[in-house]
Amino acid sequence: MPAFLARRILYALPILLGVSVVVFITIKLIPGDPVSTLLGPSATPAAKADLTARLGLNDPLPVQYLHWLWHALQGDLGTSLAMGQPALTLVTKAFGNTMVLLVTALVIATIGGVGFGLVLALRPKSLLARLVGGASLGAISIPQYTVAMLFLLLAVESKAFPVGGMHSTGATGVGDLASHLVLPAVAAALTPMGIVARMFSVAVGEVLAQDFVTNMRARGVRQPAIVRHAVHNALPALLTITGLQVGYLLGGVLFVETIFSWPGIGELVYQAISTRDMALIQAGVLLSAVLLVLVNVVVDTAHAAVDPRVRAA
Amino acid sequence: MRGRTIGNAQVENIQLVAADASEALEVTDLRVEFRRGDRMRAVVRGVDFTLRPGRTLVLLGESGSGKSVTARALMRLDGAGANVSGRVGFGETDLLGLPEPVMAGLRGSAIGLVPQDPSGALDPLRKIGKQIAEVLIRHGAAFSPKEAKPQAAELLARVGIPDPPRVLDALPHELSGGMRQRVAIALAIACRPRVLIADEPTTALDVTVQAQVLELFASLCADLKVALLLVTHDVGVARAIGDDVAVMYAGRLVEFGPAREVLDAPAHPYTAGLLDAVPTPGVARGTLRAIPGRPPSPDEPGLDDRCALAPRCRFATAACSEHRPPLAAVGPGRLAACDVVGGRVPRTAPEPEAAAETSTDPTTDAPLEVLS
Ligand SMILES: Nc1ncnc2c1ncn2[C@@H]1O[C@H](COP(=O)(O)OP(=O)(O)O)[C@@H](O)[C@H]1O
Ligand code: SF4
Ligand SMILES: [Mg+2]
């Protein structure tokens with residue numbers, strides 16, 4: 001297992017390097033001149049030239065990149081020019097909040113997806129399965145953004161849940177956090193839940209069609225035990241399925257944050273873009289990308305832990 | 001919990017009744033049809049045989065003749081699309097009439113199944129020991145995994161597996177095909193079944209391993225007094241292990257009798273054809289009298305009204321296509337369904353014109369297909 005993990009991390013390194021290049025270049029491609037944004041329309045050309053030089057913006061791109069990477073590796077992602085704080089500090093704090101939302105949504109999507117997937121696989125003709133099938137199709141075809149908007153409207157109308165933020169003013173309790181979490185988490189989880197349900201039901205169905213299931217029946221093994229075997233055998237597939245959803249979920253969460261004013265990375269980058277806060281955008285996007293790569297490492301490792309045949313491969 | 005109580009109570013009753021009977025399983029007029037669109041296709045068309053404790057009945061026939069469907073029907077494993085009728089008598093009980101939970105209680109305890117492909121016998125992600133314990137606990141032979149462990153080790157030793165503790169801890173993919181088949185056999189006999197059904201249990205194995213596994217079956221049959229139904233397309237296997245042989249063609253038995261007698265002096269042209277399809281040492285290939293053509297599909301019309309072999313049979317007369325000869329006594333303990341050859345297929349060289357015909361017409365020159 002440790003060897004597998006080490007190998008997997010080694011493979012991830014070049015990907016991370018590539019990600020850093022892409023992030024750096026993308027930021028360079030964003031139209032608009034950070035210097036003008038910073039100094040405002042009334043700045044003198046001399047002041048602009050001075051700041052451009054101080055920010056190292058006259059150097060060739062590769063030099064700028066290496067410079068940026070060198071600092072990034074040491075945890076220095078620059079200073080948010082708009083907020084006057086290190087970008088890393090701001091991003092890390094927002095990241096914690098995003099993770100709370102992401103993990104909650106992932107748990108909802110996985111548990112719901114597994115439950116509904118089992119209904120689809122085991123009782124395909126039942127009324128419940130037909131309802132679940134229709135609903136999951138609906139969930140898959142509606143983007144998270146739209147769901148979030150809908151939820152927001154409902155929340156405003158019904159007043160059942162708080163409509164934005166992470167805590168009510170002054171409150172810090174878990175209950176308060178949970179009530180703020182429900183709408184954005186469910187909004188972000190719905191689509192992935194539908195996808196997990198459909199893909200998991202297919203995976204379970206494939207296991208149930210295998211010879212060993214027939215042969216277990218021939219030994220008198222009862223249905224509940226057979227379902228346990230089937231779920232166990234479908235776990236590697238479930239990990240891959242949910243692993244794929246994490247990327248999708250992360251994207252959805254970032255959007256949902258802006259709608260529910262959740263103080264996470266999406267909201268932060270959204271603010272940073274509107275103020276052309278380059279250091280903050282870079283830090284936010286870079287950490288999102290790193291997170292995605294790490295998630296893949298974790299998913300693969302978990303995969304190997306569940307299925308010994310993967311470890312050997 | 002309720003299902004188990006019902007199941008076990010029923011099992012004990014059945015075993016009490018069957019314990020002193022000379023039949024372990026008595027199959028009468030077994031028929032299996034599968035729904036296909038809005039028509040039914042009859043795959044097994046009325047089969048009778050009896051399995052006796054300590055004896056091996058070999059069900060022999062070409063691929064597609066309905067052997068596996070028959071074997072599965074005895075345990076009611078043919079699936080929801082199958083329509084099974086007739087009687088499978090287990091003591092006083094007709095297995096076909098039992099409620100499903102009771103039948104499930106008999107599977108693996110009163111009747112064991114050894115599958116053809118040992119790689120499909122086991123959950124690939126569970127250790128062998130756990131899978132054996134699961135069956136022991138399911139049928140009340142052990143109450144905890146801890147209690148099941150020594151029993152499981154004993155079972156593995158019984159089927160000739162060296163170093164049982166290591167194998168108990170192994171995953172299926174860590175074992176060779178032969179070892180896996182031994183584990184599958186251990187699982188099938190774990191709860192001391194009265195009947196063991198093995199569907200082509202050696203077909204997926206290397207030739208050297210095949211002989212060992214057959215030997216194991218023979219010793220289990222003798223020691224445990226289990227009634228064994230062994231399904232095969234391989235005449236060599238039938239000769240090696242069979243006490244009796246039932247030859248199956250197009251969903252029916254065409255010949256039945258003591259293995260030695262049937263295989264040495266077949267009473268049905270189809271049995272003779274099967275024997276001739278086996279290359280015998282010293283006999284050149286060109287002189288084999290393999291039956292030309294292929295077995296009929298279950299969808300072919302008229303299979304109930306004529307001898308199903310007629311289009312392929314070199315003894316066929318006009319009458320063979322007009323009525324179906326019943327399985328009738330042709331000697332002590334011997335049955336055959338052919339009223340032309342009179343209980344003994346002449347085993348001479350092929351008649352000149354038949355030989356000429358088969359060698360000049362490429363469409364009928366196909367040797368008898370015996371691969372499963
Ligand atoms: N589940 C099923 N549904 C429909 N037809 C089936 C099914 N299983 C087997 N058959 C048909 O029954 C016939 C006999 O099959 P089988 O018993 O597997 O033959 P054997 O074991 O003698 O080779 C074949 O023609 C096969 O296509
Ligand atoms: S009844 Fe006729 S066709 Fe059938 S096996 Fe006998 S001779 Fe051949
Ligand atoms: Mg078969």
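Since this is a predicted model, take the numbers as computed values, not measurements. In what follows, every chain begins at residue 1, and chains take the letters A, B, ... in the order their sequences are listed.
A/Arg217 and B/Arg107 get closest at one heavy-atom pair: O-CD, 3.3 Å. Here the shortest heavy-atom pairing between B/Gly120 and A/Asn215 reads O-ND2, 2.9 Å. Closest non-hydrogen pair, B/Gln131 versus A/Arg219, comes out as OE1-NH1, 4.3 Å.
Around atom CD of B/Glu147, more than 12 heavy atoms belonging to other residues, nucleotides or ligands sit under 6.0 Å away. For A/Phe255, the CZ atom is loosely surrounded, since the number of other residues' heavy atoms within 6.0 Å does not exceed 12. Counting non-hydrogen atoms of other residues, nucleotides and ligands closer than 6.0 Å to CZ of A/Phe116 gives a total of 12 or fewer.
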Practice prompt. Kindly determine whether A/His229 and B/Glu134 satisfy side-chain contact (heavy atoms from CB on, under 4.5 Å), including the steps that lead there.
Written response: CA-CA 11 Å; A/His229 282 265; B/Glu134 181 176 44; 2.7 Å; yes
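Between B/Pro115 and A/Asp211, every side-chain heavy-atom pair lies at or beyond the 4.5 Å cut-off.
When B/Ala121, B/Ala104, B/Ser119, B/Gly112 are compared by the number of non-hydrogen pairs under 4.5 Å with chain A, B/Ala121 comes out ahead.
In this structure, the separation between CG on B/Asp123 and CZ on A/Phe212 is 4.0 Å, given to the nearest 0.5 Å.
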